[in-house]
Amino acid sequence: MILHRRSGSTVQGKRMQRFKPGRIWTDDRNRPINAHGGGILYRTGTRTYYWFGEHKNEDGAELRFGEPSSPTEPADGGAHVYSSQDLYAWHDEGLALPVVRDDPAHDLARGCVFERPKVVRSPATGLYVMWFKLFRRGAGYEVCHTGTAVAASPAGPYRYHGKFLAGQSEAGAGDFALFQDDDGRTFHFCSRKPTHEVYAAELQDDCLAPRRPYVRVIAGDNFEAPAVFKRHGKYYMMGSHCTGWEPNPARCAVAEAPLGRWREIGNPCLGEGRERTFDAQVTYVLPVAGRPDAFVFLADRWRPECPAQGRYVWLPIAFEGEQPVVRWINEWDLGWFEGREAEGRRQEAEGRRQEAGGRRQKAGGRGG
Ligand code: DGJ
């Protein structure tokens with residue numbers, strides 16, 4: 001396929017060492033990475049990242065209002081997983097949870113809408129638990145189930161566990177984030193249908209269901225694509241508005257506790273393209289392992305008519321005071337965080353020098 005050969009992000013056999021937002025990103029088999037609406041799991045022991053996302057079928061098209069937009073393949077093939085040690089080069093681990101092709105009555109029957117898989121490890125059972133959005137085959141877009149699946153090893157295979165309607169809503173909930181706190185508590189943040197306010201609940205120890213009823217954490221409606229992370233003891237949520245596959249301005253909220261009061265602090269994107277999140281929609285915020293202050297904004301450039309050709313927009317998050325800021329960069333690598341840290345340290349040292357100079361002048365003045 002021409003698009004594969006035109007890839008600017010890798011040369012066959014050569015490992016990619018930079019992020020190139022919006023460009024074709026190929027795996028170790030030189031195929032475009034197929035993991036849309038994804039999220040990352042990091043295993044400390046093996047220092048390995050696992051990228052889970054929607055496998056989009058070649059020749060597939062997204063449904064519109066529950067109907068195919070063209071008489072083609074359904075878009076969704078299940079959850080695809082890739083592994084990496086450096087975040088640039090990804091090894092294809094295959095389908096972690098494929099849709100079911102031989103049983104039309106199965107919840108995951110081919111033709112279902114399977115979106116935004118995210119995986120956490122239950123600290124209690126040691127098992128890997130995948131959550132995903134699930135619209136049953138032929139059932140339209142009104143009711144969105146939350147599905148779960150379990151595996152003994154990170155790349156799977158995952159066994160389907162079941163589905164439920166999240167957020168105490170008969171219509172369930174759509175886009176979501178799973179967030180695991182430093183103390184091992186895991187939370188589900190979801191965009192509750194039909195108003196798309198954000199509701200959240202702490203999960204049971206096995207991470208398979210909420211422990212208690214959901215509470216509303218963001219009252220502003222039409223909040224989609226929540227992605228939660230923690231920095232300096234504060235909790236941040238990136239997200240979007242609700243405009244189907246069309247890009248819209250990103251949004252951001254902050255709280256002192258996962259189920260506490262969340263305060264919206266505006267669009268984190270700055271510069272040209274900020275009103276359309278650089279033509280993308282956030283899916284996850286990745287804390288870079290071993291770099292305490294380094295977070296990456298992971299977003300999707302959707303292509304609903306040919307979803308397998310959707311692209312990824314990964315950008316570093318800067319902090320201006322406590323405000324997260326995302327700017328477009330054509331190409332970058334993790335050294336960006338060192339550069340920024342180095343700049344911070346330079347400014348700090350400069351400040352200290354000026355302070356010391358001021359003190360010396362004062363002391364000199366008094367002596368004279
Ligand atoms: C935006 C959501 O974030 C996506 O996951 C997908 O559900 C589309 N809407 C469907 O319109």
Side-chain angles (χ1 to χ4, degrees), residues 34-39 51-57 60-70 74-80 99 111-119 130-147 163 165-167 169 171-178 188-199 218 220-228 237-253 267 269 276-285 297-313:
N34 194 343
H36 310 266
W51 175 357
F52 296 85
E54 299 156 20
H55 174 91
K56 297 296 191 185
N57 293 322
E62 299 291 1
L63 303 179
R64 286 195 194 278
F65 313 113
E67 299 294 334
S69 52
S70 58
D76 294 311
H80 204 136
V99 298
C112 70
V113 173
F114 179 105
E115 288 180 344
R116 295 186 175 263
K118 304 282 178 291
V119 173
M130 180 187 293
W131 286 48
F132 48 91
K133 283 171 69 181
L134 175 64
F135 297 88
R136 292 202 63 196
R137 170 194 165 113
Y141 266 147
E142 293 309 306
V143 175
C144 187
H145 284 93
T146 297
K163 66 178 190 314
L165 293 171
S169 165
D175 293 1
F176 68 93
L178 287 184
H188 180 220
F189 292 84
C190 58
S191 172
R192 182 182 187 268
K193 283 164 93 62
T195 55
H196 296 281
E197 293 159 288
V198 182
Y199 276 59
I218 296 191
D221 58 4
N222 287 325
F223 196 115
E224 266 198 334
V228 176
M237 188 188 304
M238 298 289 196
S240 73
H241 292 77
C242 199
T243 52
W245 302 109
E246 267 298 297
N248 59 52
R251 53 212 283 189
C252 183
N267 182 352
C269 298
R276 290 168 58 84
T277 314
F278 315 114
D279 287 321
Q281 183 185 28
V282 66
T283 180
Y284 191 76
V285 172
F297 182 87
L298 274 54
D300 292 280
R301 236 174 224 183
W302 301 113
R303 295 212 179 150
E305 304 307 333
C306 43
Q309 289 178 25
R311 302 279 173 258
Y312 312 103
V313 170

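Because the structure is predicted, anything quoted here is derived from the model rather than measured. When a ligand or atom number is given, it counts from 1 through the structure's own listing order.
- In this structure, the side chain of W51 engages the main chain of A35 through a donor-acceptor pair within 3.5 Å.
- Within the model, atoms NE2 of H55 and CG of N34 stand 4.5 Å from one another, a figure rounded to the nearest 0.5 Å.
- Inclusion of W302 in the set of residues having an N or O under 3.5 Å from an N or O of ligand 1 is not warranted.
- Distances from ligand 1 to the non-hydrogen atoms of K133 include at least one value under 4.0 Å.
- Looking at Y312 and H36, their side chains do bring a donor and an acceptor atom within 3.5 Å of each other.
- Of the protein's non-hydrogen atoms, D175 OD2, 3.2 Å is the one closest to atom 2 (C) of ligand 1.
- Once rounded to the nearest 0.5 Å, the distance linking CH2 of W302 with OG1 of T283 reads 6.5 Å.
- Using a 4.0 Å cut-off between heavy atoms, R116 contacts ligand 1 through its side chain alone, with no backbone atom that close.
- When the heavy atoms of G244, P304, C144, G37 are ranked by distance to atom 9 (N) of ligand 1, first place goes to G244.
- Taking a cutoff of 4.0 Å between a charged side-chain nitrogen and a carboxylate oxygen, E62 and R303 do not qualify as a salt bridge.
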